[in-house]
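First listed ligand is number 1; within each ligand, the first listed atom is number 1.
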Amino acid sequence: MDALNKIRAIVGPQGVVTDPAQMPAYLVDRREYYQGRVAMIVRPRSTAEVARIVQICQQSRIGIVPQGGNTGLCGGATPDASGTQMLLCLSRMNAIREVDPIDFTMTVEAGAILQNVQEAAAAHDLYFPLDLAAKGSCQIGGNLSTNAGGNNVLRYGNARELVLGLEVVLPDGRVWDGLRKLRKDNTGYDLKQLFLGAEGTLGVITAAVLRLFPKPQGVQTAFIAVPDPAAAGRLLRRARAVSGDAVSSFEYLSRLAVELVQEHSPGTRDPLAQTYRHYVLAELSSAGREDHLRSMLENAMEAGLQAGEVLDGVIATSAGQRAELWRIRETVPDAQRSSVKNDVSVPISQVPAFLRAADELVQRVAPGARPCPFGHIGDGNIHYNILRPPGADAVHFRKTAGGRLIEEISRLVMQMGGSFSAEHGIGQLRRDFLLTHKQSSAIDLMRAIKAAVDPAGIMNPGKVI
Ligand SMILES: Cc1cc2nc3c(=O)[nH]c(=O)nc-3n(C[C@H](O)[C@H](O)[C@H](O)COP(=O)(O)OP(=O)(O)OC[C@H]3O[C@@H](n4cnc5c(N)ncnc54)[C@H](O)[C@@H]3O)c2cc1C
């Protein structure tokens with residue numbers, strides 16, 4: 001029996017995708033930059049099945065591309081075009097194995113959808129803070145493999161900081177059972193950190209123990225117009241100080257970003273009566289009383305108004321209004337799908353200087369192109385996206401000016417002590433840039449780790465390193 005038949009026998013007919021109509025959902029990436037071909041798409045149901053599959057692939061030297069919700073933005077979950085790789089989709093392994101309210105943990109399988117994880121925590125009056133616009137389809141395995149960021153990093157950290165334990169099928173088919181709930185464990189290297197953010201290049205994450213938090217009892221959300229990004233930085237500092245560090249989200253939107261959402265979702269109303277060039281969506285949350293939180297937010301906005309950091313603003317008065325403010329923010333990525341994308345970070349203090357320099361750079365490289373920055377300004381993470389000049393063709397613009405714009409923006413952030421991939425990762429999209437621009441000692445170390453863990457190079461070949 002050849003390798004593929006053996007794998008088919010392990011997962012059964014339900015565990016293999018053969019219908020050509022279903023293939024594009026697996027083989028084309030979210031941005032439609034890449035189209036892969038595969039020998040097989042497999043959907044195992046258990047860690048034991050994954051282990052047996054990986055062992056067969058190791059013996060037959062078949063490249064394995066793990067895939068979660070396929071919402072990644074760097075082509076990391078898309079196979080190459082050779083037709084020889086195998087796509088390993090984790091979506092059938094979606095059980096929430098346990099919620100432990102004493103340990104404040106949840107043990108989940110890799111294919112659990114993020115929103116389901118959030119809801120399972122909420123059902124126990126607990127909170128899992130990882131939150132991003134793709135939450136309805138991205139999966140925990142993908143979130144951890146990309147070390148996802150999102151809207152609450154300011155308060156709770158990236159995905160990496162929300163994991164206590166991990167179960168991983170290693171490239172030789174052995175299972176590393178690191179599913180522990182410990183807050184303290186200094187017994188040598190912290191192995192789970194190797195796999196978090198590795199984008200499937202070192203093994204297949206099959207389950208995880210996640211950290212939970214008390215569910216915030218109070219949440220207050222405001223949409224605020226600010227004179228410029230520097231004022232936004234000062235307002236953040238003020239809001240953190242007056243609220244006892246209760247700021248959980250602090251998101252920036254340019255006017256253009258809001259207008260694109262209105263074009264994309266007709267009927268979207270401006271949250272403020274007048275229009276302004278710069279906005280922030282700020283959210284405070286705490287276990288304390290709602291009215292206290294509201295007065296803290298009002299105080300911060302009032303003081304910000306006096307100090308020239310705030311021009312205008314509205315605080316949501318209902319859950320519906322809060323949801324509407326978040327909908328505007330979360331629709332921005334889809335409203336500008338055809339733009340040239342940059343996911344960069346700089347120290348928070350450097351955001352205004354970065355935006356000024358980047359705007360100048362765009363006009364030099366592609367006159368008439370329109371920057372449309374938005375994102376997690378409270379983390380120094382800006383999605384510095386660039387729209388084609390009016391009247392230009394989007395695909396042509398991306399293929400001609402896009403490469404140079406991304407290259408030069410990436411160089412700019414590196415000169416400013418920043419990162420050219422803040423939260424989306426490397427995948428195949430940023431691999432060449434990583435290999436040529438990251439410190440050679442870091443690349444050597446990454447290659448050494450890859451060679452030690454996956455000597456046959458079967459795990460997600462052609463990605464990251
Ligand atoms: C509208 C929108 C908004 C987004 N907002 C954010 C945001 O705010 N912050 C952010 O960080 N990202 C964001 N993203 C990007 C994306 O949602 C995240 O990267 C997410 O974590 C990917 O999860 P996924 O399950 O879709 O992974 P996939 O896209 O399926 O895979 C991503 C990578 O992880 C690997 N992988 C997947 N599962 C496993 C596994 N079980 N074991 C090993 N490797 C695995 C894949 O091989 C691939 O390299 C956004 C995307 C969209 C479409």
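Among all non-hydrogen protein atoms, the one lying nearest atom 39 (C) of ligand 1 is S145 OG, 3.5 Å. For atom 20 (C) of ligand 1, the nearest non-hydrogen atom of the protein is N143 ND2, 3.5 Å. Of the protein's non-hydrogen atoms, A134 CB, 4.0 Å is the one closest to atom 2 (C) of ligand 1. Nearest to atom 7 (C) of ligand 1 among the protein's heavy atoms is E423 OE2, 3.2 Å. Here the protein heavy atom with the shortest distance to atom 42 (N) of ligand 1 is I205 N, 2.9 Å. The protein heavy-atom contact nearest to atom 29 (O) of ligand 1 is G72 N, 2.7 Å. The protein non-hydrogen atom at the shortest distance from atom 27 (O) of ligand 1 is G142 CA, 3.4 Å. Ranking the protein heavy atoms by distance from atom 5 (N) of ligand 1 puts L132 CB, 3.9 Å first.
Proximity to G76 (heavy-atom distance under 4.0 Å) selects the following atoms of ligand 1: 47 (O), 48 (C), 49 (O). Heavy-atom contacts of L90 reach the following atoms of ligand 1: 41 (N) (cutoff under 4.0 Å).
A ring-centre distance under 6.0 Å is not found for F128 and F213. For F420 and F433, the ring centers sit closer than 6.0 Å to each other.
Neither the backbone nor the side chain of T206 has any atom closer than 4.0 Å to an atom of ligand 1 (non-hydrogen atoms only). Counting heavy atoms closer than 4.0 Å to ligand 1, residue L73 contributes side-chain atoms (C-beta onward) but none from N, CA, C or O. At a heavy-atom cutoff of 4.0 Å, ligand 1 is contacted by both the backbone and the side chain of P66. At a heavy-atom distance under 4.0 Å, only side-chain atoms of R30, from C-beta outward, approach ligand 1. Contacts between T146 and ligand 1 below 4.0 angstrom, taking non-hydrogen atoms only, involve the side chain exclusively. Contacts of H424 with ligand 1, taken as heavy-atom pairs under 4.0 Å, involve the side chain alone.
For atom 3 (C) of ligand 1, the nearest non-hydrogen atom from the set A133, C89, A112 comes from A133.
Here the side chain of E161 pairs a donor or acceptor atom with the backbone of N158 at under 3.5 angstrom. A donor-acceptor pair under 3.5 Å is formed between the side chain of D379 and the backbone N or O of L154. Side chain of N460 to main chain of E199: a donor-acceptor pair is present (N/O by atom type, distance under 3.5 Å, no hydrogens or angles).
Donor-acceptor pairing under 3.5 Å is lacking for the side chains of R211 and Y156.
From K341, atom NZ reaches atom SG of C74 across 11.5 Å, with rounding to the nearest 0.5 Å.
Contact analysis leaves A198 out of contact with ligand 1, as no non-hydrogen atom separation drops below 4.0 angstrom.
Classification of the H376-H383 ring pair by plane angle, with boundaries at 30° and 60°, yields perpendicular.
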